[in-house]
Trainee: 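Structure provided below as structure tokens; questions to follow.
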Amino acid sequence: MQTQPSPLLKVQELVKTFPIHGGIFSRKVGEVRAVDQVSFDVFPGETLGLVGESGCGKSTTGRSILRLYEPTSGEIEFEGKSLLKLSQEEMRRTRRDLQMVFQDPFASLNPRQKIADILEEPLIVHGIGNAKERKEQVLELLRVVGLDKHHASRYPHQFSGGQRQRIGIARALSVKPKLIVADEPVSALDVSIQSQVLNLMEDLQEQFGLTYIFIAHDLSVVKHISDRVGVMYLGRMVELTHRDELYQNPLHPYTQALLSAVPIPNPEVNRERILLQGDVPSPADPPKGCAFHPRCPYVMDVCKKERPEFVDKGNGHFVACHLIS
Amino acid sequence: MGQSILDISTLELHFFTEKGVIKAIDGVDLKVGEGEIVGLVGESGCGKSVTSLAVMGLIPTPPGKIVGGSIRFSGQEITHWTNKQMRKIRGKDISMIFQEPMTSLNPLFTIGDQLVEAIRVHKKCSKKEAQSLSLAILEKVGIKRVGILKQYPHQLSGGMRQRVMIAMAMVLEPRLLIADEPTTALDVTIQAQILDLMRSLNREFGTSILLITHDLGVVAEMCDRIVVMYAGQVVEEADGRKLFKNPSHPYTQGLLKSIPKLDENQKRLYSIPGQVPHPLNMPQGCRFAPRCEYVMETCWNKKPDLYEIEQEHLSRCWLHQGKEAIENGKGDADTT
Amino acid sequence: GGKEGGIKKDTGNSLIYGRGADSKKLDPIQVTDGESLQVTQMIYDTLVQYKDENTEVQPGLAEKWENSADGKVWTFHLRKNVKFHDGTPFNADAVVFNFERWMDKNHPQHKGGEFTYYPDMFGGYKGDSTHVINKVSKVDDHTVKFELNRPLGPFLANIAMPPFAIGSPEAIKKDPEKFNENPVGTGPYKFVEWKKNDTITLEKNPDYWVKGLPKTDKLIFKSIPDNTARFNALKSGDIDLMNGMNPTDAPQVEKDSKLQLFKQQGMNVAYLSFNMKKKPFDNPKVRQAISYAVNKEGIIKNFYAGLAEPAINPYPSFMMGYNKDVKEYEFNLDKAKQLLKEAGFEKGLKLKLHAPQDPRPYLPNGKKVAEFLKEDFKKIGIDAEIVTAEWKTYQDQVKSGQHELALYGWNGDNGDPDNFLYVLLDKNNAREKDASNISYYMSEEVHKLLVEAQSTVDQKKREELYKKAQEIIKKDAPWVPLVHATVPVAGKKELKGFFPHPTSGYKLYKVSR
Amino acid sequence: MQTQTVDIRNKVVEEDKPWKDFMRSFLRHRSAVIGSVIILFLILIAIIAPVLTPFEYSAKSNDLMQSPSANHWFGTDEMGRDIFTRVIYGARISLWVGFFAVIGSIVLGSLLGLIAGFFGGWRDAVISRIFDILLAFPGILLAIAMVTILGPGINNAMIAIAIINIPTFGRLMRSSVLRIKEEDYVLAAKAMGMKNGRILFHHILPNCWTPIMVQGTLSFATAVIEAAALGFLGLGAQPPEPEWGTMLADSRPFIQTAPWTMIFPGLAIVLTVLGFNLLGDGLRDIFDPRMKQ
Amino acid sequence: MLAYTVRRLFMLIPVLVGMSIITFGIVHMIPGDPAQTIAGEKATPQRVEEIRKELGLDEPLYIQYGSYAKGLLQGDLGKSMTTKRPIGEEIGPFLAATAELVFAAMFIAVFFGVNLGILSSWRQNSWFDYSAMMIALIGVSIPVFWLGLMEQWLFAQTLDWLPSNGRLDPRIQMEPITYFYVIDTILYGDTEVLWDAVKHLILPAVALATVPMAIIARITRSSMLEVMRSDYIRTARAKGLSEFWVVYKHTLKNASIPVLTVIGLQLGTLLGGAVLTETIFSWPGVGRYLYTAIGERDYTVVQSGILIVATIFVIINLIVDLIYAWIDPRIQYGKK
Ligand SMILES: Nc1ncnc2c1ncn2[C@@H]1O[C@H](COP(=O)(O)OP(=O)(O)OP(=O)(O)O)[C@@H](O)[C@H]1O
Ligand SMILES: Nc1ncnc2c1ncn2[C@@H]1O[C@H](COP(=O)(O)OP(=O)(O)OP(=O)(O)O)[C@@H](O)[C@H]1O
Ligand SMILES: [Mg+2]
Ligand SMILES: [Mg+2]
């Protein structure tokens, strides 16, 4: 896309490994390659969806961007400056622009803080406003996410899951960030509540010009909310493109299988199912070559040896598969 | 629909807790026919699991107690059977698999132990025979690993564990399989495998299946008939196609409108306002009234009945019941 | 059935002696504590020995002895036909061997531990300039000659001490290290078994050189550390005889028809020491005031069950040179108050009162005595804070003068006043560390008297000197002498032949049922 | 009726404030209530001890070893002191020792546990090893050795008890911190741009203290027993302080002639310890998330 | 399993080194002087000084520690300063005496504790449960020394049923084989003496058993209850297993892990903590041995003795951990 503005966030070859300890002296005996050379750009105002099966590294990617996990290698540029080069203190201040919404609305709110304190704390930390202004801002935030002002003096356990997720979103909004990483914000919610939160997030994006990285494992949700979607498998990005392109023209065999496996709430639709064999391999011991090759219906010899490159097939459709190249 | 193997009618089950009486099930009518796959959907906490446990006779008592209605299994009234009586049919005639494959297998015993045990509870046979039977059923559910019988649950992946659970449930070829959210903890591609497996078992053995889930997509693909629950009550029941094409209860309608769909592009999702009522503080009349778009005066005071709006399509809503019924107030306000 | 000989049960005629601590070792020369020596005394004999009830010397393994005119040569005539328990004969060689082993640090069998009593009693080891014994030699098989470097007054009394008992040279040579656990002597009993911290069992030596002794076939020492528990064991018949009882239990014994009480005259003193290095205890008025505030009768009644005499002088009245004319500070709080006022403490005084935690024969319950004193002190405006410590720490504290007031005491060794006055009250013993004069009483006058008495031979003259010293001490009041405790020993009614001995070393082989 | 609609729609199940919620479950919990009644009773007695008895705890009298009577409810000891008086004054000592020993070990243990859990790395390794070592020692022997070093006395006994209990709290704190450190709200705080100090004090610490409080209550009980044990061995309170363990040791010779001298101080210990155990148990149940619906 | 064991053994090294340093330090901080004890109370200061020199007590502490550590590395625990006997040899019978007492106590505690816990959990909230748990709570609240004294008062002195001190009637001499008297008397086949040994064991063992019994009963009950709530127990019931099998096969094994931890910890604690019981019952055990050694300032005995007891404690806990790994297949490689 030639007329693209410059990206807000640029992730290049991001790698994050976790050591595995064991042996007689609890030495490091191996590592989990949770994120393995992932690259993508996020443009201002868009929503980039990330999907993939459990354990494929979605959350780790999200957390590494905020340097909640220190990336092992790679490069992350936010508004042109490299995040990984910032000192702890500089990074702390930069986090104002980068915010996060968590999956579990029950675990992500400190049970011993009142809602008002939860929402005010980021303002205090970043030295925003005086006490009175902050109070007002808290009430404003509550209003924005559709909660009542009398909720301010309550504790998290007095809310339902959907309400808690609203509070989590309000907290992320409080410092007026540019980018929000939403890590499965609706997975824990019931279907009838889920749409409330999705609508809220869309409204807020429009209202504040936010940029989202939206992580989910529910393809329908991702499709609904995202402009572009990245598909991850075993720590790697296997496909990344525009939403409609992806759903109409999936190139990677894994994406194809994934799309065909999603049950559709319409008995009239009859689809050809691609049933994959076997389970997802362990990220501690990923297959050589293409990570997907043991389950791939179209596996070729080259897949077992060489790792396919993640390349643009034109019009911003990135894919990593030997079949395509 | 053939002869029904499971017939639950107007079941009421309460939990007597310190904080008060939780009316976890307050009117559930549900039939499962021979060889049929019935889906039971509803939001978290609406009483799906409790219903299935009631069928198995596994409700923790106290605090739980069936206070009304009946459960019939292939014609027999089993509502008040003793534990000892229930034990004879559990695992043999009715089997159950649970949501969490991670915690539903005893971590300290091998797969073989647990399968053999399941067989030998009901079937007189040697350990050897039981083992070969186990291997056969494991192969049927797609596990062909050597030495699987000697392995412990933690050595298997989630998908495999759920297969083992299914194998354990199916090994004695029960007539009814109750699957309580069997795929919720699994990934989509694995879920597809498991659902596929269940469908083929249903075809092969003619096992009836009661599939509990909150995923409308899963029921749409799997089930012949669908029962929708809300806050401890069945609110709608219909043939799968009818239900999706012509949902009649406002809750079902809202639910269908609020989920994003893969096969169409929606601009904006519908959302049902408010939230599920607190189990200790249920609305007096229709339980959905506080969230309903079409709420009427009657709805606040009177409990609606399940009403047959067309053939084999029931709905619990005053909208569909005649004026006359409203005035007669067939369902009285719950004043307890 | 089962394994042969592993278990032996009582033959019926045994004596079980309950005591507060186990033996440390069974080689007499290597131990210093009474409990260890009590056992070795039953297994071994010394050349000469104490009489049954006092510290006078009588023949032991030596039938007769002579001292040369210059006092430097001692000749002992040994008893004949005496055998060690291992069957080897007792003779002059054995005596020479034992003394050589003790005195010569390079002796091949000088092994197994410290030979503490030897250097203490005989001025050091062979080769030391102060060493007393020049040579021990055999004259014939039954005669031994000791040649001394200089005369030693208490030589005979020393030789009578239980550490200097003669052991079998064969057994010692076999394994000097293990001799500690496998004692072989000539005594009335033979060693059988030692269950550590529990029992030591001895059996009758049928060939004992005194006919008719020992009286019992077995002698069993049983350690029960707690006094009360031990007393209970006596009452329930688990043991026959016990030492170290709480004096407060004595009345119970007297009431009990199945028990009898033996009272052993106490060659001891318990006292309340003032640390005269510390203010205001350098002021005699303060010391005297406190002396008036001590209710000795009350203490004796409460904590000694009457089994003690109030102490007036530093040593008990039955000893030589006791000054009967010294008048005690009676219990008189008014006088005490008056004196305090004179000393400038009419508003009162705060002090620390140290008390030992563990029972001592002369002070069975130091803590309680301290509590008792505290209550009376309160009445004259003295606020005493009690500080207790367990025995070793306590010794450390008082011997280095960390206390202000301390409850302490002394058990005499040999019945000589020197053993009390010089040790406890002479300025030479007021050492910085390891003081035995813990009051740091520095009286020159007393020092002169005591030193003179040491080098005087004339007993009359000595008595005079000691009496004089006692007068001065009374006036200076470096201590409040509290009591001379009678040591109670309890046993079953049917026991006969038990003699309480002032050294607390009993001839248990004379006891019969 | 429109009004009614609005009315019910806005009706939220009014949940109580946390402390009210806590009080409700607390009051419903039988053992917690009994335990706190016992403890309050003891505290009260300790405070108003002088009012309850005409005697002084250290005053000797001539009524030696009297059996319980209307005048001396629990009898007298061998110095003629009123045992009832000594027992109720003893509550002061036991509560005092228990309290400060527990506070001491909580403060030190938690601090070490916090450092180990929060910073990890070599600090964790060193501190955890220290805990291992301390735990491996036989507690009572360690306490005996320490009091022997420091000298007997109630304060030194308190210090020894505090030290031997450090690893209990340290480990508890460490594991709590490790658990809470991984909670999403801590991550959220970090993502919010908060500094370590603030995360530690605002987010981690307040969420660690419930297990500490439960354990603290239970350790209070053991501390009372440990103090009595040291007293019994003569290493506790200094005379004439009426410490229960010391009283037991002192009256051991009279167990047969005057059993009341042993029975009442012993029962006092049991009652106190029971009170704290009941309360601790109750708190544990109340705070246990599994007990909550 | 082997690698796991070896790793756990290696992890002991720093703990043991730390322990040796701490014991050494503590022992040398205690005021008072072993030389004084050895020399006797009335020895001259010069003598004491000489002995101090002979014992090497005049050397700087680090040199003393150095030679102590060197000895330890060569497996030499040193000699007692007072008895001059090798500690390794001397401590044996005391350890055995304590071990016999502790094992007897643990046997009582485990037998009654576990069964009480199971019954209580089975009859949860019954009067039996309440009274058993109340008794258990009182059990943990009784100071062992008071209980011991009360036992003595009642059963030894007043009723005169059982002996109050020692391990054996002093009139009996027995050549020890294992130093566990109960075992030795059985080896000798002498029932009369066996009975005597057992009689001596009863009171102290019961006193010592009370607290662990109460703790075990409580932990058994709560972990049984917790396991009974788990998913895999529900699965076991769904198979149709009888209640007896559910409790004794599935629940007990899973519930045993926390119970084992407690048993291990208690075993270790009792081993070093039996001082009070041993003092009261004049039991010639290791607690009293060390307590006496502290009183006598026998540095080497205190140092090495505590080190031995602590090592045993650590090893017991290691064994418990290994038993877990054996019961629970998930533990094998250490989770970290
Ligand atoms: N702190 C950690 N330490 C070690 N391994 C980790 C850690 N966090 C994640 N991992 C591992 O990294 C891999 C990727 O995990 P991640 O949480 O990013 O997956 P995910 O895609 O978010 O999965 P889910 O859908 O379950 O949330 C997993 O194998 C996980 O086990
Ligand atoms: N043991 C119990 N005691 C008290 N209330 C209970 C108990 N078990 C279930 N309930 C209540 O019964 C209601 C129905 O619960 P159930 O588990 O059947 O829901 P569900 O539909 O299966 O939900 P989910 O989708 O979360 O599994 C809930 O309100 C719950 O609070
Ligand atoms: Mg994730
Ligand atoms: Mg459920």
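Numbered from 1 within each chain, the chains take letters A, B, ... in sequence-line order.
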Trainee: First locate atom NE2 of E:His200, then atom CG of E:Asn165, and finally report the distance between them rounded to the nearest 0.5 Å.
Mentor: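 Nearest 0.5 Å value for the NE2-CG distance: 6.5 Å.
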Trainee: Heavy-atom distances under 4.5 Å only: say whether E:Pro170 touches chain C with side chain, backbone, both or neither.
Mentor: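 Both parts, backbone and side chain.
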Trainee: Using the test side chain to side chain donor-acceptor pair (under 3.5 Å), find all partners of E:Glu296 that sit at least two apart in sequence or belong to another chain.
Mentor: C:Lys24
Trainee: Name the option with the most non-hydrogen atom pairs under 4.5 Å to chain E; the candidates are C:Glu177, C:Lys235, C:Gln395.
Mentor: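 Of the candidates given, the most pairs with chain E belong to C:Gln395.
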Trainee: Count the heavy-atom pairs under 4.5 Å between each of C:Lys222, C:Lys433, C:Lys196, C:Glu390 and chain E, then report the option with the highest count.
Mentor: C:Lys196
Trainee: Is it the backbone or the side chain of C:Gln397 that comes under 4.5 Å from a heavy atom of chain E, or both, or neither?
Mentor: neither
Trainee: As a quick check of understanding, evaluate side-chain hydrogen bond (donor to acceptor under 3.5 Å, both in side chains) for E:Glu90 and E:Tyr289, giving each step before the final call.
Mentor: CA-CA 10 Å; E:Glu90 191 172 75; E:Tyr289 173 62; 2.6 Å; yes
Trainee: Output the option from E:Met81, E:Lys84, E:Lys79 having the highest count of non-hydrogen pairs under 4.5 Å with chain C.
Mentor: E:Lys84
Trainee: Determine the option with the most heavy-atom pairs under 4.5 angstrom with chain E, choosing from C:Lys399, C:Lys178, C:Glu193, C:Gln30.
Mentor: C:Glu193
Trainee: Could you go through the side-chain contact (heavy atoms from CB on, under 4.5 Å) check for C:Arg19 and C:Met242 one step at a time?
Mentor: CA-CA 6 Å; C:Arg19 56 198 190 137; C:Met242 65 172 280; over 6 Å; no
Trainee: Given that the side chain runs from C-beta out, which part of E:Phe94 has a heavy atom under 4.5 Å from chain C: side chain, backbone, both or neither?
Mentor: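 Only the side chain of E:Phe94 comes within 4.5 Å of chain C.
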Trainee: Return the option, out of E:Tyr181, E:Phe281, E:Trp283, with the maximum number of heavy-atom pairs under 4.5 Å with chain C.
Mentor: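 Sorted descending by pairs with chain C, the first entry is E:Tyr181.
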Trainee: Taking side chain as everything from C-beta outward and backbone as N, CA, C, O, which of these in C:Arg230 sits under 4.5 Å from a heavy atom of chain E? Side chain, backbone, both or neither.
Mentor: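 Neither; nothing under 4.5 Å.
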Trainee: Counting heavy-atom pairs under 4.5 Å with chain E, which one of C:Asn180, C:Asp226, C:Thr199, C:Thr393 comes out on top?
Mentor: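 Ranked by contacts with chain E, first place is C:Thr393.
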Trainee: Given the options C:Asp396, C:Val423, C:Asp238, which has more heavy-atom pairs under 4.5 Å with chain E than any of the others?
Mentor: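 The candidate making the most pairs under 4.5 Å is C:Asp396.
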Trainee: Would you mind checking which part of C:Asn411 comes under 4.5 Å of any heavy atom in chain E, side chain (CB onward), backbone (N, CA, C, O), both or neither?
Mentor: both
Trainee: For C:Thr116, which atoms come within 4.5 Å of any heavy atom of chain E: side chain, backbone, both, or neither?
Mentor: both
Trainee: Could you tell me which portion of C:Ile16 (side chain, backbone, both or neither) has an atom closer than 4.5 angstrom to a non-hydrogen atom of chain E?
Mentor: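 The side chain, not the backbone.
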Trainee: Can you tell me which portion of E:Glu192 sits under 4.5 Å from chain C's heavy atoms? Options are side chain, backbone, both or neither.
Mentor: side chain
Trainee: Any chance the rings of C:Tyr125 and C:His110 have centres within less than 6.0 Å?
Mentor: yes
Trainee: Please determine which of E:Asp160, E:Leu203, E:Ile202 meets the side-chain contact (heavy atoms from CB on, under 4.5 Å) test together with E:Phe155.
Mentor: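 With E:Phe155 as partner, E:Asp160, E:Leu203, E:Ile202 yield a single side-chain contact (heavy atoms from CB on, under 4.5 Å), made by E:Leu203.
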Trainee: Quick one: OH on C:Tyr189 to OG1 on C:Thr216, what's the gap to the nearest 0.5 Å?
Mentor: 2.5 Å
Trainee: CG of C:Asp426 to OG of C:Ser436: how many Å apart, nearest 0.5 Å?
Mentor: 8.5 Å
Trainee: Could you tell me if the ring centre of E:His28 sits under 6.0 Å from that of E:Tyr299?
Mentor: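 Aromatic pair counts; centres sit under 6.0 Å.
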Trainee: Going through the distances and angles, do C:Glu203 and C:Lys218 end up as a salt bridge (charged side-chain N to carboxylate O under 4.0 Å, His left out)?
Mentor: CA-CA 4 Å; C:Glu203 69 184 2; C:Lys218 267 190 191 149; 5.7 Å; no
Trainee: What residue in E:Arg167, E:Gln36, E:Glu54, E:Arg85 has the most heavy-atom pairs under 4.5 Å with chain C?
Mentor: E:Arg85
Trainee: What about the rings of C:Phe164 and C:Trp102, do their centers lie closer together than 6.0 Å?
Mentor: yes
Trainee: In terms of heavy-atom pairs under 4.5 Å with chain E, which of C:Ala229, C:Pro225, C:Ser236 leads?
Mentor: C:Pro225
